[in-house]
Amino acid sequence: MRMMTFAKRCTKEILRDPLNLAFGLGFPLVLLFLLSAIQANVPVSLFEINKLTPGITIFGLSFMTLFSATLVAKDRESALLQRLYTTPLTGLDFIMGYMLPILPIALGQTIICYLAALPLGLTFSVNIIYAVIGIIPMAVFNIALGLLCGSLLGVKQVGGICGALLTNLSAWLSGVWFDLNLVGGFFEKIANALPFLHAVEMEKALFNGDFEIAASHILPVLAYGVVTSMIAVFCFLRQMKKQ
Amino acid sequence: MQEIKTTELVKRYKDITAVDKLNLDIGQGELFSLLGVNGAGKTTTIKMLTCLTKPTAGDAFVGGKSITKEPKLVKEMIGVSPQETAVAPNLSVKENLELICGIHGFSKEKTKERIEKLSAQFSLDEVLKRKAGKLSGGWQRRVSIAMALISEPQILFLDEPTLGLDVIARHELWDVIRTLKGKITIILTTHYMEEAEALSDRIGIMRSGSLLAVGTVEELNRKAGTDDFETAFVSIVKEGAL
Ligand SMILES: Nc1ncnc2c1ncn2[C@@H]1O[C@H](COP(=O)(O)OP(=O)(O)O)[C@@H](O)[C@H]1O
Ligand SMILES: [Mg+2]
């Protein structure tokens, strides 16, 4: 009850920020349209919609990190959180209250991306449902990463690190824009050690109904999700105590 | 009956002692002011009493419960208006009030009843639907204090409630605070002498983390050998410096 009250407040706070909506929803959609427009005008297969869309949905999740990090950092800089720390809300209430509302937003964003890709030629199948659900572990990773950044950084730093750095990182290392096999070497090794590429491969596989391939990529994504969540909880509770 | 008691309460930040062996006794229904210049340790004291910061040493009992051992129980009894205005900017005033009611587990009916009562008390009707972040500083502060009161606290903490308000808004807020007197225990901090004088049952004068003197305005005046509270305050603070 207490937790849900706080979660409701966080949902409102995010959804009422027009910038959040513009970036979170607008940016992935613009990319989707732009890249398919490019594809329509070149003879080689660069951004085939059936491969592009799963990648874009993962890329879009990096905005969830920005949302949660901004919210937490803003709250920490205002006296609101101080006030709430003097109420019966517990550490768990805060953490779940911050993380839970963003999950439906992430799912909503994914669904909208897939729906928008249908008129662009995306193959329609029941696998889209699996792909939407399959986004959850990576979404948890992204949201927890936001909680972590928001607990450690100020509002301005969050904008730079989560806004610019992370979105680029997830874009370049996800294999959406170019085939990482072609680049190879060190770059590919890094990409393999991070969750972005695995999440994209998992999404593509789910979308194609290749469940065995999807399963082979889920472990790193889950591991990053769990470990990041644990570190985020630790850091949030620490800053809560250090008032 | 005693509502707040601190025993040798200490808070140290690295090399500065913000609060130094504070011993306070505040009775039920009393309006007690902590008066002192900036940096005297008022906010730090409030932060410890409201379980926001852990004391370095000593303990305090709020409503009979220890702030170090039973913070959960303490938090259920208190309402806090922090020194800085604390509202959720993207929520309407009504939603801000509902948020606090929800956190305290109030039913729908009770929430409605409390919001009606508080908006009458603070004349919030005209701003109830507006976003809190879009209001003027004075209005935000009113909302911030209403949020501290809506949970029907037994003990209310007001940290510099009229900081940054104009004269009219200050006097309006004083009137609201006066209507609460005697019903609940109020601990207020201020660096305005006239504010402490106008509102308090008793005043504690703080400097550099220490409590220099405690008493009613008359008692403090007598102690300093004057009939003007400002003169009394200055002489007590200066004497304490010796
Ligand atoms: N978080 C903190 N870290 C370090 N020093 C602090 C902190 N909070 C307060 N202080 C110091 O403690 C002293 C008392 O501050 P404060 O309680 O805010 O005084 P007041 O509210 O009376 O103006 C000041 O010297 C202030 O600089
Ligand atoms: Mg202060």
Side-chain angles (χ1 to χ4, degrees), chain A residues 1-22 24 66-68 70-98 100-102 105 150 154-155 236-243, chain B residues 11 13 43-44 46-54 62 67 71-92 95-107 111 131-134 140-141 143-145 147-148 150-151 153 155-157 159-160:
Chain A
M1 169 70 195
R2 277 167 184 167
M3 184 199 292
M4 289 320 287
T5 306
F6 183 62
K8 218 166 100 186
R9 172 262 160 181
C10 293
T11 312
K12 287 180 186 162
E13 205 79 46
I14 294 170
L15 292 182
R16 286 182 190 175
D17 191 338
L19 224 64
N20 278 346
L21 289 184
L66 184 62
F67 292 172
S68 64
T70 311
L71 184 62
V72 177
K74 261 193 192 157
D75 277 359
R76 285 204 307 124
E77 280 180 20
S78 89
L80 181 73
L81 210 50
Q82 265 190 26
R83 143 166 280 144
L84 296 180
Y85 286 161
T86 67
T87 68
L89 283 174
T90 62
L92 184 73
D93 290 337
F94 282 109
I95 289 163
M96 296 312 278
Y98 278 124
L100 280 182
I102 306 181
I105 298 177
V155 176
F236 183 84
L237 293 179
R238 204 188 55 159
Q239 65 81 33
M240 188 172 167
K241 282 213 184 83
K242 245 178 64 180
Q243 275 300 313
Chain B
K11 181 71 190 184
Y13 291 111
T43 296
T44 308
I46 298 284
K47 281 187 174 174
M48 286 191 283
L49 293 178
T50 56
C51 309
L52 200 53
T53 311
K54 283 222 156 65
V62 174
I67 57 159
K72 248 191 115 165
L73 295 175
V74 172
K75 286 176 180 181
E76 278 166 14
M77 290 184 276
I78 61 174
V80 186
S81 166
Q83 179 167 329
E84 264 107 76
T85 304
V87 297
N90 279 329
L91 299 195
S92 71
E95 288 168 333
N96 265 287
L97 296 172
E98 283 169 349
L99 171 66
I100 305 294
C101 289
I103 287 171
H104 282 89
F106 287 5
S107 68
T111 301
K131 272 193 184 179
K134 294 266 162 29
Q140 288 197 20
R141 189 138 274 266
V143 175
S144 187
I145 294 174
M147 284 166 78
I150 199 154
S151 60
I155 304 160
L156 176 66
F157 292 89
D159 196 358
E160 307 256 6

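Just so you know, these numbers come straight off a predicted model, no measurement behind them. First the proteins, then the strands, lettered A, B, ... as listed; each starts at 1.
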task: Measure Ser144(B) against the heavy atoms of chain A and call it side chain, backbone, both or neither at under 4.5 Å.
output: both
message: Would you say that more than 12 heavy atoms from the other residues, nucleotides or ligands in this model lie under 6.0 Å from the NZ of Lys11(B), or not?
response: yes
- request: Give, for atom NE2 of His104(B) and atom OG1 of Thr5(A), the distance between the pair rounded to the nearest 0.5 Å.
  value: 11.0 Å
query: Does any non-hydrogen side-chain atom of Lys12(A) lie less than 4.5 Å from one of Asn90(B)?
result: no
- request: Tell me, out of Cys51(B), Gly105(B), Ala88(B), who's got the most heavy-atom pairs with chain A below 4.5 Å.
  value: Ala88(B)
- line: chain B shares the most heavy-atom pairs under 4.5 Å, among Met1(A), Arg9(A), Lys241(A), with Arg9(A)
- request: List the atom of Ser81(B), the atom of Arg83(A), and the distance in Å for their closest heavy-atom pair.
  value: CA-NH2, 3.8 Å
Which atoms of Glu95(B) approach chain A - backbone, side chain, both or neither, heavy atom under 4.5 Å: side chain
query: Taking all non-hydrogen atoms of both residues, which atom of Pro88(A) and which atom of Ile103(B) are closest, and how far apart?
result: CD-CG2, 4.2 Å
field: Ile100(B), part contacting chain A, at a heavy-atom distance under 4.5 Å
entry: side chain
message: On a heavy-atom basis, which atom in Arg2(A) and which in Glu76(B) lie closest, and how many Å separate them?
response: NH2-OE2, 4.3 Å
- prompt: For Thr44(B), is it the side chain, the backbone, both, or neither that has a heavy atom closer than 4.5 Å to a heavy atom of chain A?
  reply: neither
field: Per-residue contact mode, Pro71(B) against chain A (heavy atom under 4.5 angstrom)
entry: neither
query: What part of Leu81(A) is in contact with chain B, defined as an atom under 4.5 angstrom from a non-hydrogen atom: side chain, backbone, both or neither?
result: neither
message: Tell me which one of Leu52(B), Asp159(B), Val80(B) satisfies side chain to side chain contact (heavy atoms under 4.5 Å, CB included) with Gln82(A).
response: Leu52(B)
- prompt: Hey, what do you get for CG (Leu91(B)) to CG (Leu80(A)), rounding to the nearest 0.5 Å?
  reply: 8.5 Å
field: Salt bridge Glu98(B)-Lys8(A), side-chain N to carboxylate O under 4.0 Å
entry: no
